[in-house]
Student: 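Just dropping this structure here.
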Number of protein chains: 2
Amino acid sequence: MTRQRELILGILSQSDRHLTADEIFFLAKLKMPTIAMATVYNNLNAMNEAGVIHRIRVDGGADRFSAVSEPHDHLLCDECGKLTDIRLPKLKVELEKQIHSPVDSYDLVIHTLCPACRRKK
Amino acid sequence: MTRQRELILGILSQSDRHLTADEIFFLAKLKMPTIAMATVYNNLNAMNEAGVIHRIRVDGGADRFSAVSEPHDHLLCDECGKLTDIRLPKLKVELEKQIHSPVDSYDLVIHTLCPACRRKK
DNA sequence: GAAAGAAATAGAATAATTCTAAAATCATTA
DNA sequence: TAATGATTTTAGAATTATTCTATTTCTTTC
């Protein structure tokens, strides 16, 4: 656990949004101006592999990262692009029942309108 | 519907795998050597927007495309990387029940071992 | 405090995708 | 059929996200 890794993890933990590597790099630079982009990626990859953070790919953009370590799912608002975490604890078992095989893990992004955007319609 | 678009759609329809833009480009070139990569992307994007084909993003690699128009889900084998379609018709309703909101659509990739790889373990 | 190993840095390299400008194709109307 | 305008394709440059590489800086241990 280097200072850089600590910084990056801190940034992710404190953010309620899911950040791109670029955003993390920018925020990290504010606190540690010498940090390099490769360091950000190195650490994001390492922590992702270790399961400490989570990488999520969304259509039309860079990968996002979040510090939430518990498995969880995602709501994506197609109107404003906001990405929210949601926990569907029963889903894994449900999926295993449906495919008749053990599920290692899964990635789920649900497209829906966020409450704010729904109200505007 | 240009000749190029027809060709690309044909390639996708006839493939049982999910192809990358690169693979589609290669296959298209065999039939129409003058076709350009940009044309492949133009058409893939257009057809994806129109809902005729489906783009799917998988960790660590290029986007894949498939012609299957019905909504469906994906099984990804973490061992050999094989990506298979699966239909879970009840899931959408199940999700709507759980999030208490209408679900526009959703993307699901289930990580599991394919039968072949499971046998080898 | 020197040596060894691990991680960080800077910048080049790669891969996937998009953009741009010119040429080709197509459909429509004169 | 010729002219017109719109759309699409083409080729290659440009961009974006990410990884790689070689060198430097930190840590840790002796």
Side-chain angles (χ1 to χ4, degrees), chain A residues 1-12 15 17-67 74 76 81 83 107 109, chain B residues 1-12 15 17-67 74 76 81 83 107 109:
Chain A
M1 177 62 80
T2 62
R3 280 183 316 123
Q4 286 83 345
R5 177 165 304 185
E6 205 159 359
L7 174 59
I8 292 167
L9 189 53
I11 288 170
L12 282 175
S15 170
R17 302 197 309 104
H18 294 65
L19 304 172
T20 62
D22 217 51
E23 291 169 328
I24 295 163
F25 180 52
F26 176 81
L27 292 172
K29 265 206 137 147
L30 298 180
K31 297 246 174 157
M32 191 187 288
T34 65
I35 198 169
M37 192 65 196
T39 304
V40 172
Y41 272 107
N42 280 345
N43 282 299
L44 289 175
N45 284 334
M47 289 191 285
N48 182 52
E49 298 250 312
V52 180
I53 65 171
H54 196 219
R55 161 185 245 137
I56 166 174
R57 316 198 78 195
V58 187
D59 252 33
D63 293 3
R64 317 277 197 90
F65 298 86
S66 72
H74 295 98
L76 176 66
L83 190 64
D107 298 318
V109 179
Chain B
M1 176 63 80
T2 63
R3 280 183 315 123
Q4 287 83 345
R5 176 165 304 184
E6 204 158 1
L7 173 59
I8 292 167
L9 189 54
I11 288 170
L12 282 176
S15 170
R17 303 196 311 102
H18 294 65
L19 304 172
T20 62
D22 215 51
E23 292 169 327
I24 295 164
F25 180 52
F26 176 81
L27 292 172
K29 265 207 134 136
L30 297 179
K31 297 246 172 155
M32 191 187 287
T34 65
I35 199 169
M37 192 68 196
T39 304
V40 172
Y41 271 107
N42 280 345
N43 282 299
L44 289 176
N45 284 334
M47 289 192 285
N48 182 51
E49 298 251 312
V52 180
I53 64 171
H54 196 217
R55 162 186 243 133
I56 166 174
R57 315 198 78 195
V58 187
D59 252 34
D63 292 4
R64 317 279 196 91
F65 297 86
S66 72
H74 295 98
L76 176 66
L83 190 64
D107 299 317
V109 179

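Chain letters run A, B, ... following the sequence lines, proteins first and then strands; every chain starts at 1.
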Student: Is there a donor in the side chain of B:Arg55 and an acceptor in the side chain of B:Asn45, or the other way round, less than 3.5 Å apart?
Tutor: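 Side-chain D/A pair, B:Arg55 to B:Asn45: present.
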Student: Heavy atoms only, 4.0 Å cut-off, all strands: where does B:Thr34 land among base, sugar-phosphate and nothing?
Tutor: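 Sugar-phosphate, no base atom in range.
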Student: Heavy atoms only, 4.0 Å cut-off, all strands: where does A:Ala38 land among base, sugar-phosphate and nothing?
Tutor: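 A:Ala38: base contact, heavy atoms under 4.0 Å.
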Student: Tell me the interatomic distance from B:Asn45, atom CG, to C:dA16, atom P, rounded to whole angstroms.
Tutor: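 It works out to 16 Å between those atoms.
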Student: What nucleotide among C:dT17, C:dA8, D:dT19 has an atom nearest to a side-chain atom of B:Asp63?
Tutor: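 Selected nucleotide: C:dT17.
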Student: When the distance from CZ of A:Arg5 to P of D:dC26 is rounded to whole Å, what number comes out?
Tutor: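 My rounded result for the distance is 18 Å.
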Student: Rounded to the nearest Å, what distance is computed from the CD1 atom of residue B:Ile8 to the C1' atom of nucleotide D:dT8?
Tutor: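 The distance from CD1 of B:Ile8 to C1' of D:dT8 comes to 11 Å, rounded to the nearest Å.
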Student: Mind checking if A:Asn43 touches a base, just sugar-phosphate, or nothing, with heavy atoms under 4.0 Å?
Tutor: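 Since only primed, P, OP1 and OP2 atoms lie under 4.0 Å of A:Asn43, the category is sugar-phosphate.
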Student: Side chain of A:Ile35 only, please: which of C:dT9, C:dT17, D:dT10 is the nearest?
Tutor: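 Of all the options, the side chain of A:Ile35 is nearest to C:dT9.
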Student: Give a yes/no answer on whether the side chain of A:Gln4 brings an N or O atom under 4.0 Å of OP1 or OP2 in C:dT9.
Tutor: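 The answer is yes; a side-chain N or O of A:Gln4 sits under 4.0 Å from OP1 or OP2.
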Student: Using whole Å, report how far CD of A:Glu6 lies from C1' of C:dA7.
Tutor: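 For the pair A:Glu6 CD and C:dA7 C1', the rounded distance is 15 Å.
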Student: Compare the minimum distances between each of D:dT9, D:dT19, C:dT18 and the side chain of A:Arg55, then state the nucleotide with the smallest one.
Tutor: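 Among D:dT9, D:dT19, C:dT18, the one nearest the side chain of A:Arg55 is D:dT19.
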Student: Can any side-chain N or O of B:Asn48 pair as donor or acceptor with the backbone N or O of B:Leu44 at less than 3.5 Å?
Tutor: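 No, B:Asn48 side chain to B:Leu44 backbone: no donor-acceptor pair under 3.5 Å.
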Student: In whole angstroms, how far is the P atom of D:dT15 from the CG atom of A:Asp22?
Tutor: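 Roughly 15 Å, once rounded to whole Å.
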Student: Quick one: CE on A:Met1 to CG on A:Leu9, what's the gap to the nearest 0.5 Å?
Tutor: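 One finds 5.5 Å between CE of A:Met1 and CG of A:Leu9.
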Student: Round to the nearest Å and state the distance from A:Phe65 atom CZ to D:dA17 atom P.
Tutor: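 That distance rounds to 12 Å.
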Student: Would you mind reading off the distance between B:Glu49 atom CD and C:dT18 atom P, rounded to a whole angstrom?
Tutor: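 B:Glu49 atom CD is separated from C:dT18 atom P by 10 Å.
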Student: Do the side-chain N or O atoms of B:Thr2 get closer than 4.0 angstrom to the phosphate oxygens (OP1, OP2) of C:dT25?
Tutor: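 False: B:Thr2 side-chain N/O out of range (4.0 Å or more) of C:dT25 OP1/OP2.
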Student: For B:Lys29, run the side-chain contact (heavy atoms from CB on, under 4.5 Å) check against B:Ile24, B:Ile35, B:Thr34 and tell me which one passes.
Tutor: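 Per the side-chain contact (heavy atoms from CB on, under 4.5 Å) rule, the option paired with B:Lys29 is B:Ile35, out of B:Ile24, B:Ile35, B:Thr34.
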Student: So, OP1 or OP2 of C:dA7: does either fall under 4.0 Å of a side-chain N or O from A:Asn42?
Tutor: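 For C:dA7, neither OP1 nor OP2 has a side-chain N or O of A:Asn42 closer than 4.0 Å.
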Student: Check this one for me: any side-chain N or O of B:Tyr41 less than 4.0 Å away from OP1 or OP2 of C:dT17?
Tutor: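 Yes, within the criterion.
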Student: Checking contacts here: which listed nucleotide (C:dA7, D:dT18, C:dT17) is nearest the side-chain heavy atoms of A:Ala21?
Tutor: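 Selected nucleotide: D:dT18.
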Student: Determine the interplanar angle of the B:His54 and B:His74 rings, folded into 0 to 90°, and report it as parallel if under 30°, tilted if 30 to 60°, perpendicular if over 60°.
Tutor: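 It falls in the parallel class, under 30°.
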Student: Could you tell me the separation between the CG atom of B:Leu7 and the P atom of D:dT9, rounded to a whole number of Å?
Tutor: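 So the two atoms are 11 Å apart, to the nearest Å.
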Student: Is there a side-chain contact between B:Thr39 and the phosphate of D:dT10, meaning an N or O under 4.0 Å from OP1 or OP2?
Tutor: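 Checking D:dT10 against B:Thr39, a side-chain N or O does come within under 4.0 Å of OP1 or OP2.
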